[in-house]
2 protein chains.
Amino acid sequence: MTASAAQTSLRKLAGNGAARRIDTDEIGVDALVGHAGYAVRRFQIWIFQDFIRTLGDVDIRPTQYSVLTVIGANPGLSQMAVAKRLGIERARLVHLLDSLEQRRLVKRIKSKTDRRSHALHLTGQGETALAKFKRLAAEHERHVEARIGKANRERLLQILADFT
Amino acid sequence: MTASAAQTSLRKLAGNGAARRIDTDEIGVDALVGHAGYAVRRFQIWIFQDFIRTLGDVDIRPTQYSVLTVIGANPGLSQMAVAKRLGIERARLVHLLDSLEQRRLVKRIKSKTDRRSHALHLTGQGETALAKFKRLAAEHERHVEARIGKANRERLLQILADFT
DNA sequence: GAAGATTGTTGTTGACGACAACAATTGTCC
DNA sequence: GGACAATTGTTGTCGTCAACAACAATCTTC
């Protein structure tokens, strides 16, 4: 992020079509700096990339991790319940579960009380896998701490607590 | 957000296929609460939705707004320069500029010093339009303040300052 | 039992990030 | 000065993701 911004040079015009070399960090974005959404977007991109990279060996993305975590902590939930809790479209959750079920991490069990819905459970290997994922996720979280500072990370979690 | 979570009911199993009714906010996500990425993702979704809604009348999305703002503050930049500064793929910026140019907000001028590149400028109506967009964006920012508090918003901007 | 709501599913659309390839042009190096 | 590498804008593909819409099967409600 800081690395890629340092060595790039480009052109800036004087009048209309002319241009002189300038550095990327010379470009003013003053109007954007005051916008929370812009800062949050850039940060979110960084944090997701680090998560994906840190959990790269086990091939688990943030959304998959959140689904596994919720099912692990609340076995038997319906797809509707998981979707609502995580703010995921139930249509999207179908594909997520298809993938996780193919990898034998999750199983859909037909509910006996409501034959429309499925009770979601982790498989045996799903549980051991999730334990490993959580260790890697904790490592990712340490990267976040190293990037923005321990106190800032905690303050951030505090500020955004009721969005979870 | 708080509204939609309140009245939903679903099922929770006792053993395997059985289930009892519970509320959405009864579902534990303890493991997720400690993750900065999850909180940031949920917040980012909220903040973008509010931005899109607030700038809905003028049909401007966050990315388009950031492009217009950078060009407005630094007229004559090349596409490469804008893309690098905003962390956008230059391939993606092509389509963004196509759209903005069709709407007569931006114009691409062939650079005289480097015939490969274009110098980007706002049109006349692009400038007046951007002024209006900025007023609406400020209104959106007030929504953020109302949601997380004035002090928290400023602290957030401070924490994430070097991601912009 | 009929009418309406819910659940999982399939499909479409559009925004977006990541890559790869290409022609035109510029920069570099011998 | 001329071959070779790098850059710029462009086009294209692929996969992720949010937002809808429609549908069959199954509850709920009255």
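All chains are named by letter (A, B, ...) in the order of the sequence lines, taking the proteins before the strands, and each is independently numbered beginning at 1. Given the structure is predicted, the values throughout are model-derived calculations rather than measurements.
Taking every heavy atom of residues 57-66 of chain B and every atom of DNA chain C, pairs under 4.0 Å involve B:R61, B:T63, by number.
One interatomic measurement links the two molecules: CG of B:L93 to C1' of C:dA15, which rounds to 14 Å at whole-angstrom precision. Between the CG atom of A:L96 and the P atom of D:dT16 there is a distance of 9 Å, rounded to whole Å. Following rounding to the nearest Å, A:K112 (NZ) and C:dT7 (P) show an atom-to-atom distance of 20 Å. One interatomic measurement links the two molecules: NE2 of A:H118 to P of D:dC27, which rounds to 12 Å at whole-angstrom precision. Atom CD1 of A:I88 and atom P of D:dC17 are 9 Å apart (whole Å). Whole-Å rounding puts the B:K110 NZ to C:dT26 P distance at 11 Å. Summarising the geometry, the separation between CZ on A:F51 and C1' on D:dT16 is reported as 15 Å, rounded to the nearest angstrom. We find that CE of A:M80 is positioned 8 Å from C1' of C:dT6, with the value rounded to whole Å.
Ionic pairing of B:R142 and B:D50 is not present here: no N-O contact between side-chain nitrogen and carboxylate oxygen is shorter than 4.0 angstrom. In this structure, B:R103 does not pair ionically with B:D98, as no charged nitrogen and carboxylate oxygen lie closer than 4.0 Å.
Scored by the salt bridge (Lys or Arg N to Asp or Glu O under 4.0 Å) test, B:E101 finds B:R108 as partners (sequence neighbours excluded). The side chain to side chain donor-acceptor pair (under 3.5 Å) search around A:Q44 returns none, not counting sequence neighbours. Legend: residues meeting side chain to side chain contact (heavy atoms under 4.5 Å, CB included) with B:Q125, ordered by chain and number and at least two apart, are B:R104, B:T123, B:T128.
Looking at B:Y65 and B:R61, their side chains never bring a donor and an acceptor atom within 3.5 Å of each other.
In this structure a side-chain-to-backbone donor-acceptor pair under 3.5 Å is present from B:E141 to A:A36. Looking only at distances, no side-chain donor or acceptor of B:Q64 sits under 3.5 Å from a matching main-chain atom of B:L96. For A:R42 (side chain) and B:L86 (main-chain N/O), a donor-acceptor pair under 3.5 Å exists by modelled atom type.
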I'd like a table of atom pairs between the protein and nucleotides 19-26 of chain D - only N or O on both sides, under 3.5 Å - with the distance next to each one.
from: D:dA19; atom 1: OP1; to: B:Q49; atom 2: NE2; distance (Å): 2.4

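At least one test fails for B:R41 against the ring of A:F163: distance under 6.0 Å to the centre or angle within 45° of the axis.
Remark: aromatic rings of B:F51 and B:H143 are distant, center separation not under 6.0 Å.
Of the side-chain N and O atoms in A:R108, none sit less than 4.0 angstrom from OP1 or OP2 of C:dT7.
Between A:R41 and A:D98, the residue whose closest nucleotide on DNA chain C is further toward the 5' end is A:D98.
Rounded to 10°, the angle separating the first-five-pair axis and the last-five-pair axis of the helix from C:dG1-D:dC30 to C:dC30-D:dG1 equals 30°.
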